[in-house]
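Let me begin by presenting the structure, written as structure tokens, before commenting on it.
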Amino acid sequence: MRWTLISRRHGKADLTPAGRISTAGPHTRVLLALAVAAMCVFAAAACAKPAPVRARTADSFVDSIGLNGVGGPYLFHYGDSRRSLYGTAPVDSRYVMGVRYARWEIRPDTNPQPMINLCRDQGIRVDALVSWLWTDPYVNKAARISDVLPVLKRFPPGAIATIEGNNESDMPFESGDFPRYASSTQAAQANQAALYRAVKADPVFKNTPVIAWTLGKNWPWGGDTGYGKFTSTAFDYESMHSYPSGDTIDGSLHAPGHCQWLKVADSIVPPGGRAKPIVVTETGFQHAMTDARKVEHKSELAQAKQEMMLLAQDYSIGIVRTFLYSVGGEKPWAMDTRADGTPLPAGRALSFLTSTLGEARWKKSAKRWVGPHFRPGTLRFALSKAPDSVHDTLLERSDGSFYLLLWNDVLVWDGKAMTDINNPPVNLTLTCDTPLLRAEISTMNPDGSYTTRSAALKGKPGDQTLQLAVPDSVMIVRLDPAKRGARPSSSVPSLPPK
């Protein structure tokens, strides 16, 4: 006897006999009956009918993305050319990254004016990184943490979104990467506490969230005792540097890579303290622009696939913001353009996601972001049973259209053979009892661009199905319901409350 079984997190039980039980002896019939009964019990326990799933705003996904850069100035909305470590190179004027947040280091030997101009002209909001360099006696013996605030006050009002403590403050302790530093865990704690006090005492920045300092190379192998050395409460958001390298995105949340950080970041809160929201201040993937013998180097396509899946995964588990590393010309990590200015696949893919899902626009005359503000609705749907590697996140735009992000988080790069892995898509059935008018599916191409096509809905409104083939990259399924309920008004994107 054949049975069709559909189940998943949102799942629907559709246990339908597709044939007849053959005539057989009584013992066989009893065994078959018991087997059928067991299958029915299993199906009832494992499956559910389409359930209402509350969407999040599509624009909030775009607002959760930031970029690190090297060599500046940043140029997120590309024009006819860009400036980076490569020099000036032509760039396709249609290529717009569409990212609103930059992580930028505040240093006494760096001119902030280019970034100030971007904040004024393009509405870029800054995570201001207060580096060890600020108090490095080799740079400025008289510098104090509070000296950074006058620099930040040169930026337009509201341009400083967050202020971040020291970068990878434990790295010099063992690695010797920067031997001129005299670092210690105690110095890191004192530095962070001084920054926190200075920010909260300042009338301009007292409500600006402070991000914790970041641990560097040494912490992953220190065990719980090592983590405990960094206990502190002098921050509003925990910080996280996570480089998944040769693992999957989900797998690396639990092992060094994206890196035990859901556990480790919480451990910097003293016993009895409360864990705080996390900002991923650095993460990303290298591609094969340099020494290909290094296993962490991947192809340009693998980088694009994993960086988009990483953004979707971080957003889905509640990360406040994820800053990809990097733009501006650091070759192994560049995800925006090649040295000749042509877009890399990761940059193209990011451009598509932000343009498809983002709704807020920078109004230079008003000096603010203007976009829709509405309470997202629900979509009643189920997905057929799939491996745990398949993830989904439901978003909604202000016009009432839903955007279901789906991705199969499996290895996409063979680090030994140094080749892309050709993963077959996972076939799923989406069942929806919210009446739908139409559906579209957008999938990533090898160059990072996306192809969008109409998809055939089967059944009648209120009982419709859609066949999906989920790739090892972020796929977008647009679902237009028969009734639209969103009522937008203007607002300014901001960090969620503490």
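Throughout, numbering of the chain's residues begins at 1 and tracks the sequence. Since we're looking at a predicted model, the values are computed, not measured.
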Would you say the side chain of L311 lies within less than 4.5 Å of the side chain of L350, judging by non-hydrogen atoms? yes

Electrostatic pair R125-D63, nearest N-O below 4.0 angstrom: no

When you measure from the side chain of Q303 to the backbone N and O of K298, does any donor-acceptor pair fall under 3.5 Å? no

Please tell me if the side chains of Q306 and I249 come closer than 4.5 Å, counting only heavy atoms from C-beta onward. yes

Using atom types as modelled and distance alone, determine if a side-chain donor or acceptor of H287 lies under 3.5 Å from a backbone N or O of A334. yes

Shortest non-hydrogen contact from I160 to A128? CG2-CB, 4.4 Å

Does a salt bridge link K276 with D236, judged by any charged N lying under 4.0 Å from a carboxylate O? no

Taking all atoms of both residues into account, what is the closest heavy-atom pair of A312 and F61, and its distance? CA-CE1, 3.8 Å

Between the OG1 atom in T443 and the CG atom in N445, the distance rounded to the nearest 0.5 Å is 6.0 Å

Evaluate the side-chain hydrogen bond (donor to acceptor under 3.5 Å, both in side chains) criterion for residues T419 and D414: first the C-alpha distance (whole Å), next the side-chain angles of each, then the deciding distance (0.1 Å), finally the verdict. CA-CA 5 Å; T419 59; D414 186 332; 4.7 Å; no

Is it the case that the side chain of S401 and the backbone of R397 share a donor-acceptor pair, with hydrogens and angles ignored and the cut-off at 3.5 Å? no

Quick check: does any side chain N or O of N427 sit under 3.5 Å from a backbone N or O of Q467, one acting as donor and the other as acceptor? no

Does one side chain, of D409 or S389, offer a donor that lies under 3.5 Å from an acceptor on the other? no

In Å and rounded to the nearest 0.5 Å, what is the CD1 to CG distance from I441 to L479? 8.5 Å

Please state whether the rings of Y325 and W333 are parallel, tilted or perpendicular, taking 30° and 60° as the class boundaries. perpendicular

I need the T283 OG1 to D314 CG distance, nearest 0.5 Å. 6.5 Å

Consider only side-chain N and O atoms of D59 and T57, and report whether a donor and an acceptor are under 3.5 Å apart. no

To the nearest 0.5 Å, tell me how far S316 OG sits from W407 CH2. 4.5 Å

Rounded to the nearest 0.5 Å, what's the gap from CD on E359 to CG on L357? Could you check? 9.0 Å

Closest non-hydrogen contact found for I211 with F235 is C-CB, 4.1 Å

R56 to Y315, cation-pi by 6.0 Å centre distance and 45° axis angle: yes

By the definition side-chain contact (heavy atoms from CB on, under 4.5 Å), identify the one residue from T356, I476, L353 that meets it with S442. I476

Heavy-atom pair of closest approach, residues L466 and A455: CD1-CB, 3.5 Å

Any sub-3.5 Å donor-acceptor pair from R380's side-chain atoms to P50's backbone N or O? yes

Taking the side chain as C-beta and beyond, is there a heavy-atom pair between W413 and L301 under 4.5 Å? no

Shortest non-hydrogen contact from V470 toward N408: CG1-N, 3.8 Å

For C432 versus L379, what's the shortest heavy-atom pair and its separation? SG-CD1, 3.9 Å

Side chains of L430 and L404: does their closest heavy-atom pair fall under 4.5 Å? yes

Side chain proximity check, H391 to M309, heavy atoms < 4.5 angstrom: no

Does the side chain of T248 pick up a donor-acceptor pair with the side chain of D250 at under 3.5 Å? no

Looking just at side-chain N and O atoms, do Q464 and T431 make a donor-acceptor pair shorter than 3.5 Å? no

Hey, mind stepping through S239 and T281 against side-chain hydrogen bond (donor to acceptor under 3.5 Å, both in side chains) and telling me if it holds? CA-CA 6 Å; S239 182; T281 50; 3.0 Å; yes

Once rounded to the nearest 0.5 Å, what's the spacing between atom CH2 of W369 and atom CZ of R361? 8.0 Å

Do C119 and V126 have side chains that get closer than 4.5 Å, going by heavy atoms? yes

Check: R100 side chain, G123 main-chain N or O, donor-acceptor pair, under 3.5 Å: no

Whether T393 side chain and L405 backbone form a donor-acceptor pair below 3.5 Å: no

